[in-house]
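What follows is a single structure, written as structure tokens, with notes after it.
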Protein chains: 2
Amino acid sequence: MTSLQRVAGRPTWALGRAHARAQGLLGEAFAAAGVRGYHYRLLAALDEHGPCSQADLGRATGIDRSDVVAVLDDLVAWRMARRDPDPSDRRRNVVTLTGAGARRLTELDRVLDDVQEAVLAPLTAAERRTLLALLAKLS
Amino acid sequence: MTSLQRVAGRPTWALGRAHARAQGLLGEAFAAAGVRGYHYRLLAALDEHGPCSQADLGRATGIDRSDVVAVLDDLVAWRMARRDPDPSDRRRNVVTLTGAGARRLTELDRVLDDVQEAVLAPLTAAERRTLLALLAKLS
DNA sequence: GAGTATCGTTGGTCGTACCAACGAATCAAG
DNA sequence: CTTGATTCGTTGGTACGACCAACGATACTC
């Protein structure tokens with residue numbers, strides 16, 4: 001929060017505040033589920049793209065491949081994903097979603113849905129559509 | 001960026017993308033001017049509130065007082081602010097904006113204005129008002 | 001076969017944002 | 001007037017998302 005005139009009404013600030021609130025709720029919800037955003041994104045990519053290399057995961061999620069390593073370490077330790085050497089290209093690992101990972105992903109999908117609802121709660125359905133449309137134009 | 005269905009259309013994601021774009025432009029612009037957001041916020045607080053303690057600065061800007069220390073170190077090193085012991089309360093420092101600080105602030109105000117315009121460029125004036133109103137409702 | 005590109009990995013950096021704890025100083029209650 | 005609580009500046013640490021450089025190993029291309 002800030003009480004600065006110069007800052008308070010600025011679009012960048014309003015955007016930042018709204019984002020901070022959304023991110024705060026999302027972070028709390030994920031933390032309560034024992035994961036971070038990166039874990040969810042990787043699980044989602046594994047589900048949507050099927051088994052693939054770590055580099056592929058990075059490209060699919062927008063996560064730097066150096067960051068994929070540690071996050072995947074977690075998922076593997078939690079038995080939510082497997083990391084096997086690719087027999088057809090020894091540079092690569094084939095990353096596979098496990099049953100436990102798929103189940104966890106389903107739970108996290110609901111967590112994410114609930115957060116969307118909580119974030120948008122102050123808006124009517126029409127306002128939500130308008131906001132989404134305007135935000136889309138910005139990027 | 002991401003190509004994940006689960007993530008791409010979500011309001012939290014759209015908000016994050018728009019914020020990332022705005023923050024990216026702002027960060028670049030500030031970096032080109034040799035400062036970070038924290039520096040601007042502190043300068044603005046000094047201008048709007050007048051000389052005050054570091055704890056006051058923290059409260060006015062929403063910056064943790066432990067973070068104020070280092071940022072203020074920069075401003076002092078750059079001769080944009082002074083940090084003097086408060087004679088009436090020896091726990092405190094009185095932080096004062098210098099002429100150089102005020103001039104820099106004016107420059108940074110323009111930088112910030114330009115960034116607002118760049119961020120909102122894809123929207124009409126009416127859309128900008130609508131967006132601001134909706135964002136305000138969210139927080 | 002030589003040079004280029006990709007892969008996983010290590011080990012950094014950055015910015016924003018918190019939090020805990022400390023000694024010093026001040027304030028409030030008795 | 002003294003004791004206990006609070007505030008102040010400061011240090012040092014954590015977290016998260018994000019990026020970058022470089023490495024050895026492997027694969028691809030000419």
Side-chain angles (χ1 to χ4, degrees), chain A residues 1-2 7 12-13 15-17 19-31 34-42 52-76 81-95, chain B residues 1-2 7 12-13 15-17 19-31 33-42 52-76 81 83-95:
Chain A
M1 186 73 84
T2 198
V7 163
T12 48
W13 187 259
L15 218 38
R17 269 186 63 81
H19 173 251
R21 179 158 177 282
Q23 212 55 28
L25 291 175
L26 190 55
E28 271 182 43
F30 275 161
V35 300
R36 287 177 290 139
Y38 274 15
H39 295 124
Y40 177 78
R41 280 206 252 169
L42 240 51
C52 58
S53 73
Q54 298 180 200
D56 287 336
L57 283 179
R59 282 184 289 262
T61 57
I63 300 175
D64 192 279
R65 72 189 206 274
S66 65
D67 296 319
V68 169
V69 178
V71 179
L72 187 55
D73 283 346
D74 291 338
L75 294 182
V76 169
R82 286 205 330 269
R83 173 159 42 187
D84 306 297
D86 185 340
S88 75
D89 185 341
R90 288 190 294 168
R91 293 170 304 180
R92 300 186 187 179
N93 293 328
V94 178
V95 182
Chain B
M1 187 71 85
T2 198
V7 163
T12 48
W13 186 259
L15 218 37
R17 270 186 63 80
H19 174 250
R21 181 159 175 279
Q23 211 56 27
L25 290 174
L26 190 55
E28 271 182 42
F30 274 162
V35 300
R36 287 176 291 137
Y38 273 15
H39 295 123
Y40 176 77
R41 281 206 252 169
L42 241 52
C52 57
S53 71
Q54 297 180 200
D56 288 338
L57 283 179
R59 282 184 289 262
T61 57
I63 300 174
D64 192 279
R65 69 189 208 276
S66 66
D67 296 320
V68 169
V69 178
V71 180
L72 187 55
D73 283 346
D74 291 338
L75 294 182
V76 169
R83 173 159 43 187
D84 305 298
D86 184 339
S88 74
D89 186 340
R90 287 189 294 169
R91 292 171 304 181
R92 302 186 185 177
N93 293 328
V94 179
V95 183

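Order of the sequence lines sets the chain letters (A, B, ...), proteins ahead of strands, with each chain counted from 1.
Side-chain N/O atoms of A:Gln54 include one lying less than 4.0 angstrom from OP1 or OP2 on C:dT9. Regarding contacts with the backbone of D:dC23, every side-chain N or O of A:Arg91 stays at 4.0 angstrom or more from both OP1 and OP2. The shortest distance between the side-chain N/O atoms of B:Arg41 and the OP1/OP2 oxygens of C:dA17 is below 4.0 Å. Contact annotation: B:Arg65 does not reach the phosphate of D:dG9 (side-chain N/O to OP1 or OP2, under 4.0 Å). For the pair B:Arg36 and C:dT16, the criterion of a side-chain N or O lying under 4.0 Å from OP1 or OP2 is met.
Closest-nucleotide positions on DNA chain D for A:Pro87 and A:Gly62 were compared, and the one nearer the 5' end corresponds to A:Gly62. Both A:Val35 and A:Ser66 lie near DNA chain D, and the one whose nearest nucleotide falls closer to the 5' end is A:Val35.
Atoms CG (B:Leu57) and P (D:dT10) sit 12 Å apart, rounded to a whole Å. Across the protein-nucleic acid pair, A:Arg83 atom CZ and C:dG8 atom C1' stand 8 Å apart, rounded to whole Å. The distance between atom CD1 of A:Ile63 and atom C1' of D:dG17, rounded to the nearest whole Å, is 9 Å. In this structure, CG of B:Asp84 is placed 18 Å from P of D:dC8, rounded to the nearest angstrom. For B:Arg90 and C:dG23, the CZ to P distance is 18 Å, given to the nearest whole Å. As a whole-Å value, the separation of A:Arg92 CZ from D:dC28 P is 8 Å. Remark: P of C:dT16 and CG of B:Asp74 are 12 Å apart, rounded to the nearest angstrom. Whole-Å rounding puts the A:Leu72 CG to C:dG8 P distance at 10 Å.
Nearest approach of B:Leu72 to B:Leu42, heavy atoms of both residues: N-CD2, 4.0 Å.
Within the model, atoms CZ of B:Arg83 and CG of B:Leu75 stand 9.5 Å from one another, a figure rounded to the nearest 0.5 Å.
Judged purely by atom type and a 3.5 angstrom limit, A:Asn93 has no side-chain atom pairing as donor or acceptor with the backbone of A:Val95. In this structure, B:Arg41 contributes its side chain and B:Thr61 its backbone to a donor-acceptor pair below 3.5 Å.
A:Gly37 comes within contact range of the sugar-phosphate backbone alone, with a heavy-atom separation under 4.0 Å but no base atom that close. Within the 4.0 angstrom heavy-atom criterion, base atoms lie near A:Asp64.
Counting distance only, with no hydrogens placed and no angle test, the side-chain atoms of A:Asp67 and the base atoms of D:dC19 include a donor-acceptor pair under 3.5 Å.
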Check: Does the pair A:Tyr38 and A:Asp74 meet the rule for a side-chain contact (heavy atoms from CB on, under 4.5 Å), with working shown?
Finding: CA-CA 10 Å; A:Tyr38 274 15; A:Asp74 291 338; over 6 Å; no
